[in-house]
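Whatever order the structure lists them in is the order used to number ligands and atoms, beginning at 1. Residues take their numbers from the sequence shown, with the count starting at 1. Please read these numbers as outputs of a predicted model, since none were measured by experiment.
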Amino acid sequence: MTQLRDDFIWGAATAAHQIEGGNTNSDFWVLEQGGSGRFAEPSGDACDSYHRYPDDIRLLAEAGLKAYRFSIEWARIEPAQGQFSRAQLLHYRAMIDECQRHGVLPIITLHHFTYPRWFTENGGLHRDDAVERFAAYVDYVSQILHDIDWVVTINEPNIAALFAGLYAAPSEGSEPVTVAMALADGPDAELVPILAAMHHAARDVLRAKTSAKIGWAPATQAFMPTEGNEAKWQEVFDAWEGVFFDATEGDDFIGIQSYTSQPVDANGPVPHPPHPDNTLTGWAYRPDALAINLRRVWDLKGLPLLVTENGIATDDDERRIAYVTGALSGLKGAVADGVEVLGYCYWSLLDNYEWGSYGPTFGLIAVDRGGDFDRTPKPSLAWLGTVAASNGALID
Ligand code: BGC
């Protein structure tokens with residue numbers, strides 16, 4: 001039976017904009033208010049985790065999970081350029097303290113898709129000082145990271161390079177870009193060196209000020225070539241993922257974020273055809289994608305891998321358990337073959353704002369958003385806790 005390392009990290013993940021609520025200084029909030037119809041609904045109060053994070057952390061800990069991956073919101077820390085908020089900094093330190101009080105390992109993400117509105121309104125990633133501004137924010141935040149072990153600098157830089165298109169003003173007569181439209185185009189190649197430089201600048205700051213292990217977490221799509229389309233597959237893989245893995249040189253680990261697998265034909269990635277097994281995000285049900293991605297990235301880079309996101313949007317919690325069982329069984333197979341995997345964080349701890357709508361429910365915990373924000377753990381939360389207690393032995 002495959003033995004996972006004794007210090008294997010078992011956790012769940014969230015992102016600030018998707019759960020905190022009232023993130024009014026962020027650029028995504030502005031997009032949501034646009035009335036353009038491109039989003040089904042705005043984030044609004046989200047899960048009110050800005051106030052209710054002690055409940056979230058307690059439920060995670062009580063279930064037996066050992067790590068909480070959450071993000072710090074740049075727009076709260078620096079609501080206007082150069083004006084840093086000590087109160088918000090202390091808010092995030094209180095979250096770290098709350099984790100530690102429960103014996104939960106905090107895994108910190110510094111950037112999860114959203115920027116302060118002042119940053120985007122003045123050119124966003126195309127600003128001359130984009131890297132410098134990000135480094136200044138990271139430098140300020142590093143004050144509270146002195147005892148943190150794991151930091152993800154940028155979540156899914158490749159999807160961030162797609163999302164950048166959302167902020168472009170529509171040209172005359174054209175529709176504003178929706179998330180689905182942004183996802184259909186490949187990542188903007190021009191943004192790759194900028195995001196990589198932001199990652200490296202953040203890493204330099206963190207290496208000087210903390211002892212944390214540092215990485216970033218590209219989205220992995222488990223692209224598979226259809227017959228005869230190997231060359232196109234390589235082109236697609238390089239543009240969507242390869243160039244982002246190149247930037248991990250010198251990192252301590254790579255975050256793996258995996259949900260589904262997509263075939264690549266002569267025209268590129270094939271959109272998921274409608275199928276009864278598709279998940280609530282319309283993606284093919286592919287628990288095996290995680291092992292494909294782990295093996296692929298390990299072969300490519302040989303750096304330790306931390307699964308920073310893996311999960312399924314479903315309203316059938318038994319299906320969630322089946323999906324994670326499949327994914328973890330693949331993970332164990334990869335470990336048996338020598339792939340170094342440090343841990344597994346399920347996405348997501350809570351049903352949350354899925355970048356435009358609350359429809360796709362990824363959570364281990366349901367949230368009564370129409371009522372008093374009560375949290376109701378789903379059976380999958382306790383189940384994942386027992387898997388964690390067995391250090392994965394329950395999966396085979
Ligand atoms: C992101 C999350 C998102 C999840 C499911 C990842 O792309 O990091 O923010 O909610 O996948 O779509």
Side-chain angles (χ1 to χ4, degrees), residues 11-20 23 26-29 31-32 39-41 43 46-47 49 68-74 107-115 152-166 178-180 182-187 195 199 215-223 240-241 244 254-262 269 271-272 278-287 289-290 293 306-315 320 323-324 327 344-365 367:
T14 60
H17 188 77
Q18 296 179 265
I19 61 165
E20 285 182 339
N23 191 18
S26 108
D27 59 353
F28 215 87
W29 178 275
L31 280 182
E32 293 162 19
F39 299 127
E41 51 191 328
S43 56
C47 304
S49 287
Y68 184 34
R69 174 184 172 226
F70 63 92
S71 75
I72 295 180
E73 187 65 47
W74 183 2
I107 300 173
I108 307 293
T109 309
L110 294 171
H111 178 270
H112 196 121
F113 293 159
T114 47
Y115 305 83
V152 174
T153 57
I154 301 179
N155 179 78
E156 297 192 347
N158 40 358
I159 305 301
L162 292 166
F163 269 22
L166 291 172
T178 61
V179 170
L183 289 174
D185 300 334
L195 287 157
H199 168 55
W216 75 350
T220 51
Q221 299 293 124
F223 287 126
W240 280 75
E241 300 181 23
F244 295 91
I254 299 176
I256 296 291
Q257 319 229 133
S258 175
Y259 293 91
T260 188
S261 170
Q262 249 182 300
H272 303 283
N278 284 1
T279 70
L280 291 179
T281 39
W283 303 339
Y285 178 85
R286 294 295 299 270
L290 181 60
N293 289 315
L306 175 60
V307 180
T308 39
E309 286 184 24
N310 174 248
I312 177 173
T314 176
D315 47 20
R320 186 179 335 279
Y323 177 91
V324 177
Y344 176 90
C345 295
Y346 178 80
W347 180 272
S348 177
L349 182 64
L350 304 169
D351 286 343
N352 62 25
Y353 186 61
E354 183 56 31
W355 307 109
S357 124
Y358 283 96
T361 41
F362 280 91
L364 298 170
I365 299 175
V367 179

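- Side-chain contact check for Leu166 versus Leu31: some heavy-atom pair is nearer than 4.5 Å.
- You'll find the ring centres of Trp355 and Phe28 inside the 6.0 Å limit.
- Close contacts of ligand 1 with Gln257, meaning ligand atoms under 4.0 Å from a residue heavy atom, involve 8 (O).
- Here Asn155 has side-chain heavy atoms under 4.0 Å from ligand 1, and that is the only part of it that gets that close.
- The shortest distance between side-chain heavy atoms of Trp216 and Leu195 falls below 4.5 Å.
- Side-chain contact between Val152 and Leu110 is absent, with no heavy-atom pair separated by less than 4.5 Å.
- Residues Glu354 and Leu280 form no side-chain contact, since every pair of their non-hydrogen atoms from C-beta on lies 4.5 Å or further apart.
- Under a 4.0 Å heavy-atom criterion, Thr281 is not in contact with ligand 1.
- Neither the backbone nor the side chain of Phe163 has a heavy atom within less than 4.0 Å of ligand 1.
- Counting only N and O atoms by type, the side chains of Glu73 and His111 include no donor and acceptor under 3.5 Å apart.
- Within the listing of ligand 1, atoms 1 (C), 2 (C), 8 (O), 9 (O) sit less than 4.0 angstrom from a heavy atom of His112.
- Ligand 1 has a nitrogen or oxygen under 3.5 angstrom from a nitrogen or oxygen of Trp355.
- Heavy-atom proximity to Glu354, at under 4.0 Å, picks out these atoms of ligand 1: 3 (C), 5 (C), 10 (O), 12 (O).
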